[in-house]
Amino acid sequence: MKQLFPVPHVIGFVSSLLLSLIALIVVKFHLSFTMGMTILGVTALIQAALQLFLFMHVNENENKSALLTNIGYALFVGLVTIFGTLFAMMWGYQMI
Amino acid sequence: MKWDEFFVTGEPMIYAAMVSIVLVSIAIPVGLTYFKKWGYLWRHWLTTVDHKKIGVMYIIAALLMLFRGGVDALLMRAQTAIPDNGLLDGQHYNEIFTTHGIIMILFMAMPFIIGLMNVVIPLQIGARDVAFPRLNAVSFWLFFFGAMLLNISFVIGGSPDAGWTAYFPLASVEFSPTVGNNYYSLALQIAGIGTLMTGINFLVTILKMRAPGMKLMKMPMFTWSILITSIIIVFAFPVLTVALALMMLDRQFGTQFFAMQNGGMDMLWANLFWVWGHPEVYIVILPAFGIYSEIIATFAKKNLYGYKSMVYSMVAISLLSFLVWVHHFYTMGHGVMVNSVFSITTMAIAIPTGVKIFNWLFTLRKGKISFTTPMLYSLAFIPIFTIGGVTGVMLAMASADYQYHNTMFLVAHFHYVLIPGTVFAVIAGFHYWFPKLFGFKLNERLGKWSFWFIAISFNVTFFPLFILGLNGMTRRMYTYSESTGYGPLNMLSMVGALGLTIGFILLVYNIYWSTRYQPREVTGDPWDARSLEWSTPSPVPEYNFAKVPVIDTLDAFWYSKKEGKPLTDEDDYEPIHMPNNNGQPFIMGVFFFFFGFFMVFSWWIPAIIAGLFILGTMAYRSFEKDHGHYISVGEIERTENALRGEKE
Ligand code: HEM
Ligand SMILES: [Cu+2]
């Protein structure tokens with residue numbers, strides 16, 4: 001039974017819930033902007049790492065080029081979406 | 001909610017639809033019981049994990065949705081054919097163009113393409129199924145029940161009516177108080193999750209399950225196009241998932257993401273929608289490019305011109321397609337800088353698209369062309385799609401788009417890319433791969449008749465819209481006065497729509513006629529084609545390949561035919577490991593349907609219960625042991641001899 005029980009996954013799952021709860025602090029309590037952003041940033045980073053290593057097994061992939069292409073592509077799309085949206089909807093909006 | 005709000009009332013057309021829905025839903029179970037087909041249906045279709053059967057179900061669903069979307073289209077054309085027409089009122093017209101758009105893109109084009117890729121991809125790469133057969137069935141049933149959920153909206157509760165783009169603030173509860181747009185967010189969500197899983201499934205299938213020796217650069221072009229499409233799906237669909245979730249939260253849980261006040265931003269919806277939406281148009285066009293590449297190479301009897309440039313241009317498109325979305329809302333008030341940047345990226349995407357047009361033309365050059373039905377569609381595609389592309393570049397210029405935006409000119413543009421692009425392609429692919437699945441060709445004479453009807457009527461229907469748009473007719477207006485002068489061209493367009501209808505009826509009639517009278521086809525390779533799927537017997541046995549094929553070049557099957565060398569290095573049959581059929585994906589789909597339905601009406605307790613059932617199926621699955629089954633050598637021998645006629 002002990003070998004069958006997926007300990008790392010359960011720990012991972014519980015900690016990802018915990019991290020979300022911690023992020024909720026920012027909404028529930030009045031924090032300064034920098035403080036709030038720091039909490040969100042740090043929890044988001046840990047969360048992403050947790051997902052990548054525990055659930056998506058990135059470190060177990062022997063094919064490095066496929067891995068890098070994939071992560072590169074994901075970064076490309078993610079960054080383009082975020083900064084493109086900021087560019088189109090805030091920074092460049094109604095700016096002549 | 002009162003019962004008279006639950007059912008849509010007061011429209012003769014809706015009552016007729018209700019009656020027909022009731023009749024059909026009585027007729028189907030009665031028919032199944034009478035012919036004793038329940039067991040057959042359950043064992044061979046509803047529980048299947050066979051990629052070919054799943055593909056067939058996708059295609060049948062797509063054809064049904066083509067019918068539904070087509071009726072919508074005819075109603076719209078009929079309403080606008082003459083000035084001041086009273087066939088439909090404004091509200092009804094709104095609902096019809098909204099569902100027409102959603103159904104045609106998400107429930108017709110997408111499943112037709114996914115159906116063809118299900119049928120063809122494993123065969124083309126020499127695999128015996130997809131990487132995750134059970135997940136594939138889940139994908140199908142999520143799509144299917146998502147589509148059904150949207151389809152019942154027009155009799156129960158009311159259809160979405162804010163356009164297929166569902167722009168906020170119009171789509172907010174404040175301006176669209178019916179449950180219509182709840183259907184939108186939930187039905188698309190359910191179907192979208194299915195599509196996302198399809199993307200993952202085919203990405204893994206193509207990367208991991210190719211026959212020995214098939215390097216990436218030796219894959220058939222259709223497989224390449226699906227690889228790229230899957231990548232775009234995997235990266236674009238999560239944006240839709242998030243956007244739809246936010247929409248649901250806004251409409252049903254009181255959040256303010258897309259609100260006009262309290263720090264919300266209504267235009268953020270349009271932004272997110274098109275971050276997904278533009279890649280989506282490439283998701284439906286790239287497989288079409290792949291289909292045409294196969295068909296043109298086969299019927300020109302030549303290998304594809306510029307294979308590498310084809311691949312690179314598709315990779316370029318996949319990246320560029322994420323860089324252009326703002327061109328859908330240039331007029332929303334961005335600064336010059338924003339519009340210029342996106343104008344340039346949009347025009348840039350026309351370059352790789354143009355490269356591909358030249359590749360096909362050079363493949364045709366000096367080829368021995370045979371004018372079969374699939375080839376006719378492919379040849380018609382090239383000039384018509386070019387018109388669509390050129391008008392796209394016109395729209396891409398932000399300052400000019402201030403004139404064209406939201407006029408019939410835009411409507412003409414996207415029909416000129418989507419119909420010769422996607423619709424012609426799936427019909428061509430349907431004719432082309434039909435014999436592989438069913439063991440006989442569709443009749444060529446009928447096929448050509450329907451081709452000419454469709455190709456000519458398409459232009460009669462949509463070319464006038466360019467002129468109407470330039471004359472100032474905007475899209476989505478349900479009527480106009482005679483003094484505008486829009487009457488005659490709209491009437492012409494109606495005539496074209498009737499011609500299209502005749503073409504599609506001929507197409508369906510052809511399926512019926514050919515099933516009854518076409519001679520059976522025994523070679524498995526009726527078109528003298530090039531890629532691996534044609535090396536299997538038709539209809540394809542469950543396990544696809546009795547012996548694992550080994551590949552050393554592109555078009556290996558073609559060379560094996562010409563040089564007479566075998567495609568495999570196995571001498572004897574070996575037992576084949578196959579996945580088991582399973583009813584859980586279907587059951588899960590049913591639960592999702594109820595979950596979605598209860599959510600639409602904000603009936604929380606039933607929704608939570610249905611949600612628990614969904615979680616239950618997942619939990620059950622993770623504790624289940626299912627190791628598949630083996631097909632014995634004896635059975636393989638029997639099947640192969642029966643299909644290939646004991647000639648070996
Ligand atoms: C040469 C490549 C193309 C260019 C430069 C292009 C450009 C554009 C532009 C600028 C618009 C927005 C116009 C407006 O709203 O005023 C547009 C709309 C649209 N395009 Fe294209 N396009 C191209 C190819 C395609 C393809 C291949 C498809 C699909 C197969 C497609 C489907 C659509 C659709 C569906 C819309 C309108 C959506 C809506 O507002 O409801 N386009 N296109
Ligand atoms: Cu676009």
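Numbered from 1 within each chain, the chains take letters A, B, ... in sequence-line order. Keep in mind that the numbers below use all heavy atoms, side chains included, and drop hydrogens, waters and symmetry copies.
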| In residues 253-271 of chain B, which residues are in contact with chain A at a heavy-atom separation under 4.5 Å? | B:M265, B:M267, B:L268, B:N271
| said: To the closest 0.5 Å, what do you measure between CG (A:L75) and CG (A:L68)? | reply: 10.5 Å
| request: Check the pair B:W274, B:H327 against side chain to side chain contact (heavy atoms under 4.5 Å, CB included), reporting the backbone distance first and the verdict last. | output: CA-CA 9 Å; B:W274 287 113; B:H327 68 215; over 6 Å; no
| field | Pairwise side-chain contact, B:I283 with B:M110, heavy-atom cut-off 4.5 Å (strictly under) | value | yes
| said: Restricting to ring-ring contact (aromatic ring centres under 6.0 Å, His included), what partner residues turn up for B:Y620, sequence neighbours left out? | reply: none
| field | Nearest-0.5 Å distance, CG of residue A:L86 to CH2 of residue A:W91 | value | 4.5 Å
| Student check: side-chain heavy atoms of B:E280 and B:V284 closer than 4.5 Å | yes
| request: Check whether any side-chain heavy atom of B:Y402 lies under 4.5 Å from a side-chain heavy atom of B:N339, and answer yes or no. | output: yes
| query | Quick one: what part of A:V80 sits under 4.5 Å from any heavy atom of chain B, side chain, backbone, both or neither? | reply | both
| B:E624 and B:R621, any side-chain heavy atoms less than 4.5 Å apart | yes
| message | Is any side-chain heavy atom of B:F342 closer than 4.5 Å to one of A:F87? | response | yes
| request: Measure the acute angle between the ring planes of B:Y282 and B:H278, then classify it against the limits of 30° and 60° as parallel, tilted or perpendicular. | output: tilted
| said: Any non-hydrogen side-chain atom of B:M248 less than 4.5 Å from a side-chain atom of B:Q189? | reply: no
| task | Determine whether B:K218 and B:R210 make a side-chain contact, defined as any pair of heavy atoms from C-beta on separated by less than 4.5 Å. | result | no
| 4.5 Å side-chain heavy-atom contact, B:M314 and B:S225 | yes
| request: Output the residues of residues 229-243 of chain B for which the shortest heavy-atom distance to chain A is under 4.5 Å, in residue-number order; output 'none' if no such residue exists. | output: B:I231, B:F235
| note | Among residues 318-326 of chain B, those lying within the under-4.5 Å heavy-atom range of chain A are B:S318, B:L319, B:F322, B:L323, B:W325, B:V326
